[in-house]
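Predicted model, so just to flag it, every value in this text is computed and none were measured. Below, chain A is the first sequence line, B the second, and so on; all start at residue 1.
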Amino acid sequence: MITPTDRQKNQQLADIFLQMAKGYRYLGTQERFRAIAYQQAAKTLLNLPDDITKHASDIASLDKLRNIGEGIAQRILEYLHTGHIHTWDELRQTIPLKLLDIMDVQGMGPATTRTLHQRLGIQDRTELETAIRSCALAQLKGFGPKRIDNIRKALKIDKEARSRHLLDKALDIGNRLLQLVRNIPAIQQAEIAGSLRRRKETIGDIDIIATCHPAKHRSAIQHFTRLPIVDQLIAGGDTKASILLETPHIQADLRIVDPSAFGSALLYLTGSREHNIRLRSLARDNHRKINEYGLYSDDGSQRLAGETETSVYHALSLDYIEPELREDKGEIDLAKQHRLPRLIHADDLLGDMQMHSNWSDGATDIASIALHARLTRPHYQYIVITDHSPAARIAHGIDSADFRRQWKEIDKVNTDIGKTFVRKGVEVDILPDGSLDLPDDILQAFDWVTASIHSGFAKDNTDRLLKACHHPLVNCIGHPSGRLLMKREPYPADWTAFFHTAAQTGTALEINAQPDRLDLRDDLARQAVAAGVRLTISTDAHHPTQLSSIHLGVSQARRAGCTSAHILNTLTWDGISRFRDAKASHHAMPLG
DNA sequence: GCCGTTTTCGGCCCGACTGTTTTCAGTCG
């Protein structure tokens, strides 16, 4: 089993390799490919589903991992055996670590940082600020007033502007900005691109791509940079501009191209960077050249595609790849082989599997939730009310007697509706010893039992998770990793063992669509599905309006490559009942 | 330092924008 200490090894090594990559970037262009190699290796480590020590029996088995060759394999082994990497220790002797931090500031690349260190002896950000104030910088060749002013500004806004934003919030702002762009008179069409279009769980900046008549590029850009919501202009040329929005301080980029290049530009600006690099080297292999203006023959004499993304993919003999999959995680090979999944769509869901009423910590009564669900999601056939069990004191968890009273209210709501729309569920706490917070006799009377961990986030929770899976009355594990985006890491657990057990026992795992959970996250969900686990997508809504955040869970499932077959709540309630009964009868355990 | 239905050597995505230069290096995405 992966202990917490072991699990940290992947992260520790990745952190070191990222620092080494930065160090090599600092050393100059002759080392840039070495820098890229370490960066790629770090990415491989971070994406590795299991512990690196499992691959570390010898150099040859490490070498089999993508982006890890003989040299880096040696360094991994060295670290696992000695806790040190000699090359890194040496590198650190020559480059002050805090100096590398300076390269995180916008506009401060390796060359600039090197000049400042060598000419002025600057070691960290504080000394850089001092050098600006004392006009020492202005004495250097190549550092005119504008450049110095830009560095000063970048240092000031660095922290805030570089912080990431939850997908939910970024989508809201991005969509409003998109409307403003579409209202610019010269603009013909505009779409969101970048990580926002790929629906990454957190977003650094907002990218928008637009088309207009070539003669009007410049005026459209000017219009954009003068929008009332602009706090600062970061850069503005003929075809692209970067602004800093007023509140929150989030960067937004606009790129304008001719209509004939809309597809190739959207493709380019959507990324990911890794996906683009793979596409471009694939094009090169086929004697083609790809850029944001289109797909061309080698010598650029013939333009082969560009108006739509599909045209570019097809010209490369690839099927169209959905934005959520564009992370260079095997999607290009699948597209080549016509084996891409038909990703789940929000309309495929027939119901929502977790939400809370005012019986525990929800905002409203069950009738209001049901009404809101039926008005806003008319294709839903069911919703599951899952109030908390007693141990969740902060969430006003309720006991067996309360649940029995609650069921009468649910029955009445269903009678008023004229069909069984509201299902009787529970979010029962998994206690520290892995047992459940409610007795079996009441658990077996629910339509749906989701079990969740709400305590003990620091220690390894594998045993608790496995025990819950083995309980015959647990249908689903809620927010399985316990993370909170930008606040709390997933608790340590052996995910491989957990997913295997969930699949074996017929226990579903949840993709929780709360904006700061999105738990399971994309790569773990992908791993779970590969292990044969069925997933649910649910909002965990605590107010009826939060039922709309289901789309965030769907995005997460799409990033994991899920089809409707992987998602349990694409089934009618009969189908869900069969899934539930299969587990209970399989166990045939005497119930307490 | 990695990688290979062009290659075990010689490549490693590609173009816009900026500031400071008088033609381009540096940075970014």
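- As judged by a 4.0 angstrom heavy-atom cut-off over every strand, A/Gly194 is placed among residues making no nucleic acid contact.
- Side-chain nitrogen and oxygen atoms of A/Ser242 include none within less than 4.0 Å of the OP1 or OP2 phosphate oxygen of B/dC17.
- Taking side-chain N and O atoms only, A/Tyr293 has a distance below 4.0 Å to OP1 or OP2 of B/dA16.
- Checking the phosphate oxygens (OP1, OP2) of B/dG29, a side-chain nitrogen or oxygen of A/Gln106 falls inside 4.0 Å.
- Using a 4.0 Å heavy-atom distance criterion, A/Arg147 is classed as a sugar-phosphate-only contact.
- Rounding to whole angstrom units, CD of residue A/Glu70 and P of B/dC9 are separated by 14 Å.
- Separating the P atom of B/dG29 from that of B/dT23 is a span of 29 Å, rounded to the nearest Å.
- Between B/dC13 and A/Asn276, no contact under 4.0 Å exists linking OP1 or OP2 to a side-chain N or O.
- When heavy atoms are screened at a 4.0 angstrom cut-off, A/Arg75 is found touching the sugar-phosphate backbone but no base atom.
- The distance from atom CZ of A/Arg342 to atom CG of A/Leu340, rounded to the nearest 0.5 Å, is 13.0 Å.
- Side-chain atoms of A/Thr211 do not come within 3.5 Å of backbone N or O of A/Pro259 as any donor-acceptor pair.
- A/Asp238 comes within 4.0 angstrom of sugar-phosphate atoms only, judged by non-hydrogen atoms across all strands, and of no base.
- When heavy atoms are screened at a 4.0 angstrom cut-off, A/Arg255 is found touching the sugar-phosphate backbone but no base atom.
- Checking B/dG26, B/dG1, B/dC14 against every side-chain atom of A/Asn291, the shortest atom distance belongs to B/dC14.
- Between A/Arg66 and B/dC3 there is no side-chain polar atom (N or O) within less than 4.0 angstrom of OP1 or OP2.
- Atom pair A/Leu140:CG and B/dA25:P shows a separation of 19 Å (rounding to whole Å applied).
- Using a 4.0 Å heavy-atom distance criterion, A/Tyr268 is classed as a base contact.
- Only the P atoms considered, B/dT21 is 16 Å distant from B/dT27, to the nearest whole Å.
- Side-chain proximity of A/Asp285 to the nucleotides B/dG1, B/dT27, B/dT6 is greatest for B/dT6.
- Atom C1' of B/dT5 sits at a distance of 24 Å from the matching atom of B/dG1, rounded to the whole Å.
- If you take OH of A/Tyr24 and P of B/dG1, they are 6 Å apart, rounded to a whole angstrom.
- At the heavy-atom level, A/Ile36 lies nowhere under 4.0 Å from the strands shown.
- Of the candidates B/dG19, B/dG1, B/dT27, the closest approach to any side-chain atom of A/Ile72 belongs to B/dG1.
- Here the CD atom belonging to A/Glu246 is positioned 6.0 Å from the CG atom belonging to A/Asp231, to the nearest 0.5 angstrom.
- Looking at the side chain of A/Arg273, the nearest of the listed nucleotides B/dG29, B/dC12, B/dG1 is B/dG29.
- Judged by distance alone, the side chains of A/Thr53 and A/Asp51 do bring a donor and an acceptor atom under 3.5 Å apart.
- The base-pairing partner of B/dA25, taking Watson-Crick or G-U wobble contacts with both distances under 3.5 Å, is B/dT18.
- Residue contacts shown for A/Ile290 are limited to sugar-phosphate atoms, with no base heavy atom under 4.0 Å away.
- Annotation for A/Gln222: atom CD counts as buried by contact number, over 12 foreign heavy atoms lying within 6.0 Å.
- When the C1' atom is used for both B/dA25 and B/dT20, the distance is 10 Å, rounded to whole Å.
- Only the P atoms considered, B/dC9 is 25 Å distant from B/dC14, to the nearest whole Å.
- For A/Asn150, taking side-chain heavy atoms from C-beta onward, the closest of the listed nucleotides B/dT18, B/dG26, B/dC12 is B/dT18.
- To the nearest whole angstrom, the two P atoms, one in B/dC13 and one in B/dG4, are 14 Å apart.
- Nearest-nucleotide positions on DNA chain B place A/Ile68 closer to the 5' end than the other of A/Ile68 and A/Asp253.
- For B/dG15, the OP1/OP2 oxygens have a side-chain nitrogen or oxygen of A/Lys289 closer than 4.0 Å.
- Taking every side-chain heavy atom of A/Thr239 into account, B/dC17 is the closest of B/dC17, B/dC12, B/dC3.
- Nucleotides B/dC12 and B/dC17, compared at atom C1', are 24 Å apart to the nearest Å.
- Between A/Asp333 atom CG and B/dT5 atom P the separation is 11 Å, expressed in whole Å.
- Comparing B/dC17, B/dT20, B/dC13 by their closest approach to the side chain of A/Ala235 singles out B/dC17.
- Relative to the side chain of A/Arg284, the nucleotides B/dG1, B/dC12, B/dG19 differ in distance, and B/dC12 lies closest.
- Rounding to whole angstrom units, CZ of residue A/Arg278 and P of B/dC3 are separated by 12 Å.
- For A/Gln251 and A/Asp253, the side-chain atoms include at least one donor-acceptor pair closer than 3.5 Å.
- Counting non-hydrogen atoms of other residues, nucleotides and ligands closer than 6.0 Å to CD of A/Glu274 gives a total above 12.
- Proximity of A/Ser281 to the phosphate of B/dC12: no side-chain N or O atom is located under 4.0 Å from OP1 or OP2.
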TODO: Show the numbers, then the answer: is there a side chain to side chain donor-acceptor pair (under 3.5 Å) between A/Tyr38 and A/Gln19?
DONE: CA-CA 9 Å; A/Tyr38 275 102; A/Gln19 286 287 330; over 6 Å; no
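- Among the atoms of the strands shown, none is found under 4.0 Å from any heavy atom of A/Gln40.
- Set against B/dT27, B/dG29, B/dC13, the side chain of A/Thr112 has B/dT27 as its closest nucleotide.
- The side chain of A/Asn67 lies closest to B/dC3, out of B/dC3, B/dC14, B/dT27.
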